[in-house]
Amino acid sequence: MPKRISKELARKLGEANMLYIDRKFAEAEVIFKEVIKADPRNADSYSGLGLMYEEVGDNEKALQYYRLAAAFKPSQFLWERIAELSQKQEMPTQAAYSLNRALKKNPHDIDMELERARLLSEGGNAPKAIAALQALHNKHPEDMRVVRAVAQLHYDLEAPDQAAAILRRALQLHPGDPELVNCLCEAYIAMGEWESIVQILGSEKSLFPDLSAKLAVALVHLGEAEEAARVSASVRATPVLDCGDLHDDIGTAHYAVGAYTAALEWLAPLKNLEAFNNPAFKLKMARCLRALGRPAEAIEYYKQVIETDSSAEVRVELADIYRATGQVLEALGVVDQPQAGPEREGPPLLHYEELPIVVEQDPRLVCAKAELLLQRSELAEFVATARPVLDVVCSFNFHKRRKNLNRVRAEEIRSTQGAPVPEDEQPLEQLTDFLFGRRSKTPKRVTSSPAEKATWTGEEVYDIIDAERLYNIALQSCRSLMVLGRHTEGAALANQCLHISAFPKHNSDLRSLIVGIAMSAQNWFLAYEPLREEIRAHPDDVALWRLFNLVAIKTGSFQRNSKFLARQSAKYPSSVPLGIAMGNTLYQHGSYTNALDEYLRILPSAPNESLLNLLIGLAYLHYALAKSTRQPNIAIVKAFAFLQHYARIRVDEEPSEVYYNIARAFHNLSLFNFAIPFYTRVLEAGATTRQKPDGANRDLSQEAAFNLSLIQRMGGDRRLARATLMEYIVV
């Protein structure tokens, strides 16, 4: 209970109040503060100062003094003043609290309850707002203000189904209430329940224009355009100034179902109205005109939109129109944006930790600009533009893989030891450091809204850029780097893209690209791993195996190749190309017996494969020439049996090749009398080949002539050997 004040302080308070009434605020302030100095708990002085400061427009000080007054002497008036001033200063939570205190003095004030619920919702405390309104609705189920407030809150919280349920119950108590019907139709529109709207309004003979518009919207979505036109006649008859929003609703419905001509008929009359001079309406007009094939008019609307709303989506759409009409430079001007940070040039970033984890430009604009530059064949600029987005995506996938590895390893430890392992301990840190280089920290996700974003993470790039489009940009970037002669950089980028989780179905294309880049740069070691992966995916592809054999020979890593081929042989024992590759590896390193075993193992699968028969014949021949061979004659007979079979299969396709290989076999055995006729046949076949316009067969005349000259020189006929060289080799 507040204590009584002295007569002197009471006299001063009365004097201060009279000065306040006479609007002598400065003098009143002095006296109020003197009273506070004498009695710091005097609520009337604080209240008087609050009124005075509110009168002069200093709401911040007024709020402070009102709060002090309420602390010492709470009253409904003070809490209502605090609530009102808190709202003016955009403090909805404090305003809601103040109204809650005021309601304790007057718990039956429905308007105050509704206002408190609104403030709770505005302050982000939707559950409390719903609970307060639901309790109020239970107390006053027939009060239309409460029904509308509860339904509106559910509607605002994107729960139109709950709003509709409340409105349906209210409509049972107040059947035919036009306001309730209107609100219920709005809820059904948000839910997309067009048939429910027709059930409510379809039987009505005469409707208000706003209900006619809602019925027309439902009919449009149900595909009944003619009926919608009949129903909306009353809206057309009403002046546009009085029902512009209804025109907009019906036009938007036609736009949503792709009826752009009808949409434009409803929207066009609104273009000169001030209420519709906003970016959202102009964007709708622009998209309608674009869909109707009127690019020039659409461009003008898009330009007006960009003046007030330069969002990436709008700029990309305008750039697409410019691009479609051949105005590439104008399109570049629309999507261009300042370079955020220094442009990265030079060698590629081979460590994932060196890649950025955010891109400081809108990825939609970056991709649009990159595609335009590619269209203009400005490859260097295209790569420089696309790289930031690709780097961020590669970085995100690296961190995601590392996190998954850590989780798997943690689960393994937990299952074996039975003890929980904190995720942040990163048990695979040493392994991932070995695989990917130095340590790095997992990027933190940026949570700002798209409209306010200054940076974008790889995960957010995935959300707004289609994976197929991202892949095409990545693929073209790699190809452009290859064309620009930046082979190492192109291969590194392609290798990074291999690990992007959104590209699994394109991994074969990326690996083929890496192989192509490596072959162009003659970097055989770079081509080795992608080729191995391709062979794992396509073990029966002969062309791949031939390419792999070439790369394996160039890299010279016999032990590595042998282990890989042995593992593949165990998986695909019937694969002929794999067996040939395995045999060739053994053959190359002088293990003729093991090579023969491998060749003969797969011979039943391909008895008429010319290359296989040739390889078996040559393996037997080299085996026969080895000093450790006990029965070389038998090996030689077997060798020529397979060579003869090879000749029968291949002679019609490549006679020069067949004759040359048989001649070389006799030559190695020093059977010169048998070798010379076959070398001569190669020379004759070579002359025939040179006369053919298509040059389909390979000409081995020079090789045959050189070997023939060696035989002639060994026989002592140097003049004939020189003549052979002069005729077939010297140009």
Side-chain angles (χ1 to χ4, degrees), residues 151-152 155-156 158 160-161 163-164 167 171 176-294 297-298 300-302 304-305 309 314 317:
Q152 186 63 47
Y155 187 84
D156 293 340
E158 297 182 359
D161 53 337
L167 291 167
L171 202 56
D177 186 296
E179 188 173 358
L180 283 176
V181 171
N182 190 44
C183 293
L184 182 57
C185 289
E186 287 183 1
Y188 281 142
I189 287 174
M191 297 165 63
E193 294 192 5
W194 315 114
E195 294 179 355
S196 299
I197 298 174
V198 174
Q199 288 176 3
I200 295 173
L201 302 177
S203 60
E204 298 291 334
K205 295 182 179 179
S206 61
L207 296 170
F208 294 111
D210 52 350
L211 292 178
S212 297
K214 288 178 174 57
L215 179 57
V217 167
L219 291 168
V220 167
H221 281 279
L222 291 172
E224 300 180 22
E226 294 183 2
E227 183 64 17
R230 185 190 66 78
V231 168
S232 59
S234 61
V235 180
R236 286 189 183 276
T238 307
V240 177
L241 286 171
D242 298 333
C243 62
D245 57 335
L246 303 182
H247 277 255
D248 185 43
D249 291 342
I250 299 173
T252 302
H254 283 290
Y255 171 80
V257 300
Y260 301 111
T261 303
L264 207 56
E265 290 178 1
W266 283 97
L267 296 176
L270 309 176
K271 61 184 179 182
N272 296 323
L273 299 182
E274 184 62 28
F276 294 92
N277 186 20
N278 57 70
F281 175 77
K282 291 177 180 178
L283 182 59
K284 213 180 298 181
M285 288 288 293
R287 287 172 173 168
C288 280
L289 291 165
R290 179 188 181 187
L292 291 172
R294 294 157 66 176
E297 297 173 71
E300 292 304 316
Y301 274 103
Y302 273 116
Q304 294 177 36
V305 174
D309 176 18
V314 176
E317 289 180 18

Give the C-alpha distance, both sets of side-chain angles, the deciding distance and a yes or no for side chain to side chain contact (heavy atoms under 4.5 Å, CB included) between L264 and M285.
CA-CA 7 Å; L264 207 56; M285 288 288 293; 3.8 Å; yes
Find the distance between [atom1] ([X]) and [atom2] ([Y]) and round it off to the nearest 0.5 Å.
X	Y	atom1	atom2	value
L292	T261	CG	OG1	4.5 Å
T252	W266	OG1	CH2	11.5 Å
M191	I189	CE	CD1	12.0 Å
Q304	N277	CD	CG	8.0 Å
D242	H247	CG	NE2	9.5 Å
L215	D210	CG	CG	11.5 Å

Would you say that [X] contacts [Y] through its side chain, given a criterion of any heavy-atom pair below 4.5 Å between the two side chains?
X	Y	result
E227	V198	no
Y301	R287	no
Q199	E193	no

Measure across [X] and [Y] and return the closest heavy-atom pair with its distance rounded to 0.1 Å.
X	Y	result
A228	V220	CB-CG2, 3.7 Å
L289	A298	CB-CB, 3.9 Å
S212	V231	O-CG1, 3.5 Å
V217	D249	CG2-O, 3.7 Å
I200	Y188	CD1-CE1, 3.4 Å
L267	C288	CD1-SG, 4.3 Å

What do you reckon, is CD of E195 surrounded by more than 12 foreign heavy atoms closer than 6.0 Å?
no
Between W194 and H221, how do the two ring planes meet: parallel, tilted or perpendicular, split at 30° and 60°?
parallel
Checking Y260 against R290 for the side chain to side chain contact (heavy atoms under 4.5 Å, CB included) test, could you report, in this order, the C-alpha distance in whole Å, the side-chain angles of both residues, the deciding distance, and whether it holds?
CA-CA 9 Å; Y260 301 111; R290 179 188 181 187; over 6 Å; no
